[in-house]
Amino acid sequence: MIDYETVLGATRGDALCCLRVLEHFEPLIDRLSTHAFEGDGGRASYGLDQAMKTELQGRLLQAVLKFRV
């Protein structure tokens, strides 16, 4: 759970607080960024789409910085 002071700091642009917010949501972002890739012989394997993960992290930070307490 993220404490109020961390959220407040993140909304004000504190880099350390923003990092803590990203760390808190990392498992969810990883889950949302994981999908099937076609491997050798047409077999599907699951993996992390790093571009999607970066996009979701950026959107989360944008939303945090726009949030007003």
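Keep in mind that this is a model prediction, so the values were computed, not measured.
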Next item on the list: Is it possible for you to say whether Leu8 and Phe67 belong to one hydrophobic cluster, with membership spreading through side-chain heavy-atom contacts below 4.5 Å?
Entry: yes
Note to self: Please tell me whether Leu48 and Met52 are part of a single hydrophobic cluster in this structure, the criterion being side-chain heavy atoms less than 4.5 Å apart.
What the structure shows: no
Check: Name the one of Leu56, Leu19, Leu22 that satisfies side-chain contact (heavy atoms from CB on, under 4.5 Å) with Leu61?
Finding: Leu22
Check: Of all residues at least two apart in sequence or in a different chain, which pass the ring pair (Phe, Tyr, Trp, His ring centres under 6.0 Å) check with His35?
Finding: Phe37
Note to self: To check you understand the geometry: which heavy-atom pair defines the closest contact between Leu16 and Asp14, and what is its length?
What the structure shows: N-OD1, 2.9 Å
Notebook entry, point to check: Which atom names give the shortest non-hydrogen contact between Cys17 and Ala10, and what distance separates them?
Noted result: CB-N, 3.4 Å
Margin query: Using side-chain heavy atoms (C-beta onward) and a distance below 4.5 Å, is Gln57 in contact with Ile29?
Written below: yes
Notebook entry, point to check: Excluding sequence neighbours, so at least two apart, what forms side chain to side chain contact (heavy atoms under 4.5 Å, CB included) with Glu26?
Noted result: Asp30, Lys53
Notebook entry, point to check: Which residues pass the side chain to side chain contact (heavy atoms under 4.5 Å, CB included) test with Ala44, sequence neighbours left out?
Noted result: Ala36
Note to self: Once salt bridge (charged side-chain N to carboxylate O under 4.0 Å, His left out) is applied, what residue pairs with a partner in residues 58-69 remain, sequence neighbours excluded?
What the structure shows: Glu55-Arg59
Item checked: For Leu65, the rest of its hydrophobic cluster, which grows through side-chain links under 4.5 angstrom -> none
Item checked: Any pair counted as ring pair (Phe, Tyr, Trp, His ring centres under 6.0 Å), so long as it reaches residues 8-32, sequence neighbours left out -> none
